[in-house]
Colleague: 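Just passing along the structure, written as structure tokens.
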Protein chains: 2
Amino acid sequence: MEEVFKKLKEKHIRLTPQRLAVYEALARENKHLTVEEIYGKIKKRFPAVSLATVYSILELYRKKGIAAEIRITFNRSCFEARTDSHHHFFCRECKKIYDVELRPCPALQAAQVDGHSIEELHGYFYGICRECR
Amino acid sequence: MEEVFKKLKEKHIRLTPQRLAVYEALARENKHLTVEEIYGKIKKRFPAVSLATVYSILELYRKKGIAAEIRITFNRSCFEARTDSHHHFFCRECKKIYDVELRPCPALQAAQVDGHSIEELHGYFYGICRECR
DNA sequence: AAAATAAACAATAATGATTATTATCTAAAA
DNA sequence: TTTTAGATAATAATCATTATTGTTTATTTT
């Protein structure tokens, strides 16, 4: 938490109430939330907040490495406060997203594949989760 | 090629000129094409074809396991004729998509992770390709 | 502290990919 | 041939995301 604010300060980014609220919404649950969900959570305390603002804050956080965007569902973005690299699982039954730690995932360590230099890796698993089967 | 038609026949799916054209567009290049690109290629021979038709044919093929959809770019779908499981690399510079064969990818073999049963896995790498650096 | 400047925000419109609808046409079945 | 179901074209609708614009708020300068 503290280091996030430090990071923002280093880059001369103002910590406004809206931005704080977005970050808290993400960090409190430590889950994958859609933009709409984040918007919903914030609106309780900041009725005047705009959806476009939430988008722009999330985009700012993404660029600064404070939040990560995942696209495991094809039709909308989710964001999470975790920034360390890991994979995800999507349950086709209950639609829940799980974090997946792939212990020895060679791809996560690798600096390149086929001569291409890797900056980022998204691993999306699809199936039925342990709760649903 | 032949086996694709067999597969369609088994499931009582008519092989229309439009459907044939979509399949050929995908198979000829063996690349990842956007819906728009496929539409463009087909339109030369079938000026009357509709974009909505291309969408519906691709959706049909996806469901039948004849084509695969990937969402490596966040804002639009790509389709490919390859149906065996493999990963992809997206070059942020030239925007090209490469196939990636991850020789020993434990995730591709695994039947489950954390107790969740896996039906499908998408691995998306992002970075700069060997041509661009 | 007041004025000037820059950044953040809200409201809203615009964009663009995808999906739904409906009428027409084609092909298979009776 | 008639009937029926499926496929297609044309087009409208949807919906997530992005762009725009005017206003407000905070920072910097004087």
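So that the names make sense, note that chain A is the first sequence line, chain B the second, and so on, each numbered from 1. Computed from a predicted structure; not experimentally measured.
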Colleague: Rounded to the nearest 0.5 Å, what separates atom CZ in Phe125(B) from atom OH in Tyr98(B)?
Modeller: 15.0 Å
Colleague: Whole Å only: how far is the NZ atom of Lys43(A) from the C1' atom of dA11(C)?
Modeller: 12 Å
Colleague: Round to a whole Å and report the spacing from CG of Leu51(A) to C1' of dT17(D).
Modeller: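 Those two atoms, CG and C1', are 9 Å apart.
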Colleague: In whole Å, I'd like the distance from the CZ atom of Arg19(A) to the C1' atom of dA7(C).
Modeller: 8 Å
Colleague: Without decimals, in angstroms, what is the distance between Asn75(B) CG and dG16(C) C1'?
Modeller: 9 Å
Colleague: Considering only side-chain heavy atoms of Thr53(A), which listed nucleotide, dT17(D), dA20(C), dC9(C), is closest?
Modeller: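 Among dT17(D), dA20(C), dC9(C), the one nearest the side chain of Thr53(A) is dC9(C).
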Colleague: Using whole Å, report how far CD of Glu36(B) lies from P of dT18(C).
Modeller: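 Roughly 9 Å, once rounded to whole Å.
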Colleague: From the options dA9(D), dT27(D), dT12(C), select the nucleotide whose nearest atom is closest to the side chain of Arg14(A).
Modeller: dT27(D)
Colleague: How about Leu20(B) and Phe5(B): do any of their side-chain heavy atoms sit closer than 4.5 Å?
Modeller: yes
Colleague: Starting at CD of Glu101(A), measure out to CG of Asp114(B) and round the result to the nearest 0.5 Å.
Modeller: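 Result: 7.5 Å between the selected atoms.
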Colleague: Pick the closest DNA chain D nucleotide for Ala52(B) and for Glu69(A) by heavy atoms, then say which residue is nearer the 5' end.
Modeller: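 On the 5' side of the pair lies Ala52(B).
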Colleague: Between Tyr55(B) (OH) and dA10(D) (P), how many Å, whole number?
Modeller: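 Going from OH in Tyr55(B) over to P in dA10(D) covers 17 Å.
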Colleague: Would you classify Thr16(B) as touching base, sugar-phosphate or nothing, given that sugar-phosphate means primed atoms plus P, OP1 and OP2, and contacts are heavy atoms under 4.0 Å?
Modeller: sugar-phosphate
Colleague: Within the 4.0 Å heavy-atom criterion, would you say Ser56(A) contacts the bases, only the backbone, or no part of the nucleic acid?
Modeller: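 The answer is nothing, as Ser56(A) stays clear of every strand by at least 4.0 Å.
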Colleague: Nearest whole angstrom, please: distance from the C1' of dA7(C) to the CD of Gln18(A).
Modeller: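 Interatomic distance, CD of Gln18(A) to C1' of dA7(C): 12 Å.
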Colleague: Phosphate oxygens OP1/OP2 of dT14(D): is one of them under 4.0 Å from a side-chain N or O of Arg76(A)?
Modeller: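 For Arg76(A), the contact criterion (side-chain N or O under 4.0 Å from OP1 or OP2 of dT14(D)) is not met.
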Colleague: Return yes if a side-chain donor-acceptor contact under 3.5 Å exists between Glu80(B) and His32(B), otherwise no.
Modeller: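 On atom types as modelled, these side chains qualify, holding a pair under 3.5 Å.
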Colleague: Between the side chain of His88(B) and the main-chain N/O of Asp99(B), is any donor-acceptor distance below 3.5 Å?
Modeller: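 Such a contact is absent between His88(B) side chain and Asp99(B) backbone.
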Colleague: Whole-Å distance between dA6(C) C1' and Ile13(A) CD1?
Modeller: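 Distance, rounded to whole Å: 15 Å.
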